[in-house]
Amino acid sequence: QIEMKNFFITLSIIGLASACSPEFTLSSSDLQQIADAAADAAADAASSSASTAATNAVNAAFNAQDAANNAANQPPATLEHEGLITGNETWAAATTHFLNDKVVVADGAVLTIEPGTVIKGRASTTPEDAAALVIARGGKIYANGTADNPIIFTSEQDNLNGNLTSEDKGLWGGVIMLGKAKISVEGDGDDLQIEGIPAEDTFGLYGGNDDTDNSGVLKYISIRHGGANIGEGNEINGFTCGGCGSGTSISNIEVYANKDDGIEMFGGTANITNAIVWHVGDDSVDTDQAYSGTIDNVVIIKNDDPNGAFNGDHGLELDGAEGAYQASNPTFHTIKNITYKGGSGEIADLRDGVRVKIQNLYAFGMGSSEDIEIDEAVGKANYDAGTIIFDDLELNDT
């Protein structure tokens, strides 16, 4: 508080002579009120300034913490994967994922892969340790790519800018999906070890009695430069589907430059919609063990390209039941809406008592030796019995 006694303030009116200037005298109580108001205003200003500074400091601290948390939560640029996935796991598109040896989605586990994710298989000097992604029986994958952001599986050598060609095959393994649907095998067992997985690895078992089994979703998937051979006659296909049930969803899948088959279906009831298989080293689409699903809208390209001459064998290699079990509903599997660009081998080879309907096939660019062939007397009997059906085929040798 400021005390002011007998203090006079003189205010001069501008433009008048000082002799004419009136004087205003304030009492000490008025002066005290003015002084108190000034002191309060100064205190308020100081308090406001301090409060603002404190608020800014707190906000800065929170912002710094948020920035630190965001940095800590950002996915890494790369991740290495190996062994069993036993829980729920998500692979982010912002990260390039590397497969070392077999990465296995175990029974009860779920792997989710974001659209646009790139997964690269590491090379191995030991054939049986070839990199592959395996969805074991009871495991699930949800790989929902999109047309603009497909999920790409390829070799670690692939820079995604065209450094590899169609001759670059077998650089890693592939994608293997296994389920609990019925299969037909020698000895009539319920399950079997999938090819491409060493016998001692029990996660390679497939088959069962649940034809509606669900192994997950593969959508807008590209699989490139795979097909490692782990032993004589034991190769990894680009995409292998063993005993997968009808609850599994597979669509918009590409296999390019695989050393062995492009797509192989071992039994089961899973359907595939929209597939392209090109420049693979063996068969483009292979079915076996009483597969009884439908493959709809498939493009097969076997002709020479400017970078190599690996044209593969059969466009379609279709095998029948190996055991007593025959799929009864339907009595045949269906492959329809097929576009085939030839160059070598055969359009289709039907073997081992297969039951199949081939519908709406257009083949062109073929060599003189390319044909559709039914092997063995049992195949011919199936044709006569109506369990091998050809419907709307157009073959053009130009």
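Model, not experiment: these values are computed from the prediction. We count residues from 1, following the sequence as given.
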Return the minimal non-hydrogen interatomic distance between [X] and [Y], and the atom names on each side.
X	Y	value
H333	V354	CE1-CG2, 3.7 Å
N258	N237	ND2-C, 3.6 Å
I272	A275	CG2-CB, 4.2 Å
S284	G315	CB-O, 3.2 Å
T95	L79	CG2-N, 3.6 Å
I374	K380	O-NZ, 3.4 Å

Nearest 0.5 Å, please: how far is [atom2] in [Y] from [atom1] in [X]?
X	Y	atom1	atom2	value
L350	L316	CG	CG	8.0 Å
E317	D283	CD	CG	4.0 Å
I236	W172	CD1	CH2	8.5 Å
N274	N297	CG	CG	4.5 Å
E195	N229	CD	CG	10.0 Å
Y206	F266	OH	CZ	5.5 Å

Can you check whether [Y]'s main-chain N or O pairs, donor with acceptor, with [X]'s side chain at less than 3.5 Å?
X	Y	value
K302	V280	no
T146	N149	yes
E370	G343	yes
D129	T126	no
D213	K180	yes
S246	D211	yes
Q157	R122	no
S166	H279	no
D261	I263	no
T287	M265	no

Practice item. Report, as yes or no, whether the 6.0 Å neighbourhood of atom OH on Y383 holds more than 12 heavy atoms from other residues, nucleotides or ligands. Key: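 Not buried by this count: 12 neighbours or fewer within 6.0 Å.
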
Review point. In this structure, are over 12 heavy atoms from other groups packed under 6.0 Å from K219 atom NZ?
Key: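 Open: at most 12 neighbouring heavy atoms sit under 6.0 Å from NZ of K219.
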
Practice item. Start with the C-alpha gap between D158 and S155, add the side-chain angles, then the distance that decides, and say whether side-chain hydrogen bond (donor to acceptor under 3.5 Å, both in side chains) holds. Key: CA-CA 5 Å; D158 189 359; S155 162; over 6 Å; no

Review point. Hey, do the aromatic rings of H225 and Y256 have their centres closer than 6.0 Å?
Key: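 Ring centres of Y256 and H225 closer than 6.0 Å.
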
Check your understanding: When you look at I194 and L178, which way does the side chain to side chain contact (heavy atoms under 4.5 Å, CB included) test go after all the steps?
Key -> CA-CA 8 Å; I194 198 70; L178 307 176; 4.0 Å; yes

Are side-chain heavy atoms of [X] and [Y] found at a separation under 4.5 Å?
X	Y	value
T96	K120	yes
K357	I388	no
V298	V285	yes
T117	F153	no
I276	I301	yes
T248	M177	yes
I358	L393	yes
I335	I338	yes

Honestly curious: do [X] and [Y] fall in one hydrophobic cluster under the side-chain, below-4.5 Å linking rule?
X	Y	value
I151	L99	yes
L395	I300	yes
V118	F98	no
V356	I347	yes
I119	V217	no

Exercise for review: Start with the C-alpha distance between L205 and L192, add both sets of side-chain angles, then the distance that settles side chain to side chain contact (heavy atoms under 4.5 Å, CB included), and finish with yes or no.
Suggested key: CA-CA 5 Å; L205 289 171; L192 191 69; 5.8 Å; no

Review point. Given T212 and D210, is the side-chain hydrogen bond (donor to acceptor under 3.5 Å, both in side chains) satisfied, shown in steps?
Key: CA-CA 5 Å; T212 64; D210 183 4; 2.9 Å; yes

Check your understanding: Does the pair D191/R137 count as a salt bridge with the N-to-O cut at 4.0 Å?
Key ->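 So D191 pairs with R137 through a salt bridge.
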
Review point. Are R351 and E373 within salt-bridge range, i.e. N to O under 4.0 Å?
Key: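 Result for this pair is no, no salt bridge flagged.
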
Using atom types as modelled, flag every donor-acceptor pair under 3.5 Å from a side chain in residues 101-115 to any protein atom, sequence neighbours excluded.
from : atom 1 : to   : atom 2 : distance (Å)
K102 : NZ     : E128 : O      : 2.9
K102 : NZ     : A130 : O      : 2.6
E114 : OE1    : A93  : N      : 2.8

Check your understanding: What do the steps show when you test T294 against T273 for side chain to side chain contact (heavy atoms under 4.5 Å, CB included), and what is the final call?
Key -> CA-CA 8 Å; T294 295; T273 303; over 6 Å; no

Exercise for review: Could you tell me which residues satisfy side-chain hydrogen bond (donor to acceptor under 3.5 Å, both in side chains) with D296, sequence neighbours excluded, listed by chain and number?
Suggested key: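 Expected list: N337.
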
Practice item. List the steps and the verdict of side chain to side chain contact (heavy atoms under 4.5 Å, CB included) for T339 and F364. Key: CA-CA 8 Å; T339 302; F364 68 102; 4.0 Å; yes

Please table the atom pairs, donor to acceptor, closer than 3.5 Å between any side-chain atom in residues 83-91 and protein atoms at least two apart or in another chain.
from : atom 1 : to  : atom 2 : distance (Å)
E89  : OE2    : W91 : NE1    : 2.8

